[in-house]
Amino acid sequence: MVTILDMWNKMSAVPMGKKAFSVAFSQKAPYFATIRPTFQVVEPNHVELTIPKRRAVHNHIGTVHAIALCNGAEAAMGALAEVTIPKDKRWIPKGMDINYTAKADSDITVVAETDPEQWTGDDPDLHVRVKAMTASGVECFNGVIKLWVTPKPAKS
């Protein structure tokens with residue numbers, strides 16, 4: 001079975017591969033496609049993607065709207081969870097705590113991060129740190145996406 005990390009490693013190594021990977025990954029949850037993300041980094045415990053500032057993701061003041069930022073954070077978190085989680089565990093999101101700290105007035109880079117030890121314990125409550133930055137490096141969004149991580153059921 002090809003994993004998300006295998007797919008990333010193969011596709012990102014060729015011209016236009018990051019974009020092709022991003023389009024393919026966006027099919028996992030159709031709302032990801034609404035923001036047209038381009039993954040830049042996909043590795044265990046760290047994922048980065050960019051969201052282009054375009055009319056379809058504008059709010060009434062012409063900046064990237066809050067839900068587009070949340071969709072970007074969820075896409076980054078989902079890729080991170082898929083490439084980081086131990087093979088004997090499964091995950092599902094259970095909530096978000098988000099702070100909007102500045103206007104998202106340009107293309108946006110979204111980062112999702114965890115620490116390796118978060119995935120090895122028995123605590124099912126796992127927090128993925130997320131943040132978003134404008135092209136000039138201003139943090140416009142930060143918070144956590146809470147996951148429920150449990151052992152996979154035994155196969156019968």
Side-chain angles (χ1 to χ4, degrees), residues 3-13 15-85 89-119 123-149:
T3 68
I4 296 292
L5 190 56
D6 293 335
M7 199 168 103
W8 169 257
N9 288 336
K10 288 178 184 163
M11 295 178 81
S12 65
M16 295 299 294
K18 288 180 179 179
K19 192 65 181 167
F21 171 89
S22 301
V23 169
F25 186 87
S26 293
Q27 300 310 303
K28 290 184 77 68
Y31 63 90
F32 290 163
T34 66
I35 60 169
R36 294 189 185 159
T38 300
F39 285 84
Q40 303 298 330
V41 177
V42 176
E43 58 193 26
N45 299 298
H46 183 90
V47 168
E48 295 182 22
L49 60 81
T50 55
I51 302 170
K53 181 180 182 284
R54 58 192 179 84
R55 188 170 176 357
V57 295
H58 283 180
N59 57 22
H60 64 290
I61 61 172
T63 61
V64 179
H65 66 74
I67 298 305
L69 296 172
C70 287
N71 286 349
E74 273 215 54
M77 172 281 302
L80 179 145
E82 288 294 314
V83 303
T84 308
I85 195 164
K89 293 185 178 181
R90 61 185 178 175
W91 66 274
I92 190 166
K94 69 177 200 173
M96 296 177 92
D97 289 327
I98 301 301
N99 304 299
Y100 302 102
T101 56
K103 289 181 180 178
D105 59 3
S106 66
D107 291 353
I108 301 297
T109 297
V110 178
V111 178
E113 295 179 303
T114 54
D115 301 314
E117 59 273 8
Q118 288 179 264
W119 298 92
D123 186 357
D125 193 32
L126 189 144
H127 292 188
V128 177
R129 299 178 304 277
V130 292
K131 64 183 177 181
M133 284 91 48
T134 65
S136 61
V138 173
E139 186 176 282
C140 58
F141 168 106
N142 66 52
V144 297
I145 299 176
K146 300 172 185 177
L147 302 183
W148 189 250
V149 178

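Any value given below was found using the heavy atoms of this structure, including those in side chains, with hydrogens, waters and symmetry copies removed.
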Tightest non-hydrogen contact, residues P52 and V57, listed as O-CG2, 3.7 Å
Non-hydrogen side-chain atoms of I4 and K28 separated by less than 4.5 Å: yes
Residues that K146 engages under salt bridge (Lys or Arg N to Asp or Glu O under 4.0 Å), provided they are two or more places apart: D97
Do I108 and T50 touch side chain to side chain, with heavy atoms closer than 4.5 Å? no
Can N45 and T114 be counted as having a side-chain donor-acceptor contact under 3.5 angstrom? yes
Specify the closest pair of heavy atoms between L49 and A76, including all atoms of both residues, with the distance to one decimal. CD2-N, 3.6 Å
Set of residues satisfying side chain to side chain contact (heavy atoms under 4.5 Å, CB included) with respect to A24, sequence neighbours excluded: M7
Would you call W8 and E43 a side-chain contact if the rule is heavy atoms closer than 4.5 Å? no
Verdict with reasoning, K18 to S12, per side chain to side chain donor-acceptor pair (under 3.5 Å): CA-CA 5 Å; K18 288 180 179 179; S12 65; over 6 Å; no
Show every ring-ring contact (aromatic ring centres under 6.0 Å, His included) that has at least one partner inside residues 91-115, sequence neighbours left out. Y100-F141
Any side-chain donor-acceptor pair under 3.5 Å between S106 and K53? no
Separation between CG (D105) and OG (S136), nearest 0.5 Å, reads 6.5 Å
Any side-chain heavy atom of P44 within less than 4.5 Å of one from L5? yes
Could you state the interatomic distance from OG1 (T34) to CD1 (I67), rounded to the nearest 0.5 Å? 10.0 Å
Shortest non-hydrogen contact between V130 and A112, atoms and distance: CG1-CB, 4.1 Å
With a 4.5 Å heavy-atom cut-off, do K94 and D125 have their side chains touching? yes
Here the gap from R36 atom CZ to S22 atom OG, rounded to the nearest 0.5 Å, amounts to 13.0 Å
Can you pull out every ring-ring contact (aromatic ring centres under 6.0 Å, His included) where at least one residue sits in residues 38-74? Sequence neighbours excluded, please. F21-F39, F25-F39
How would you list all residue pairs meeting salt bridge (charged side-chain N to carboxylate O under 4.0 Å, His left out) that involve residues 107-119, not counting sequence neighbours? D115-R129
If you take all heavy atoms of T134 and K103, which pair is closest and at what distance? CG2-O, 3.6 Å
Separation between CG (L147) and NZ (K89), nearest 0.5 Å, reads 12.0 Å
For I61, I'd like to know if atom CD1 has over 12 heavy atoms of other residues, nucleotides or ligands within 6.0 Å. yes
Nearest 0.5 angstrom please: M133 CE to T101 OG1, how far? 10.5 Å
The criterion is side chain to side chain contact (heavy atoms under 4.5 Å, CB included); which residues satisfy it with R90, sequence neighbours excluded? T150, K152, P153
Grab the two heavy atoms, one from L126 and one from Q118, that are nearest each other, plus how far apart they are. CD1-O, 3.2 Å
Roughly how far apart are L69 CG and I98 CD1, rounded to 0.5 Å? 9.0 Å
Contact summary for I145 and A73, nearest pair of heavy atoms: CD1-O, 3.6 Å
Student check: side-chain heavy atoms of T3 and V83 closer than 4.5 Å: no
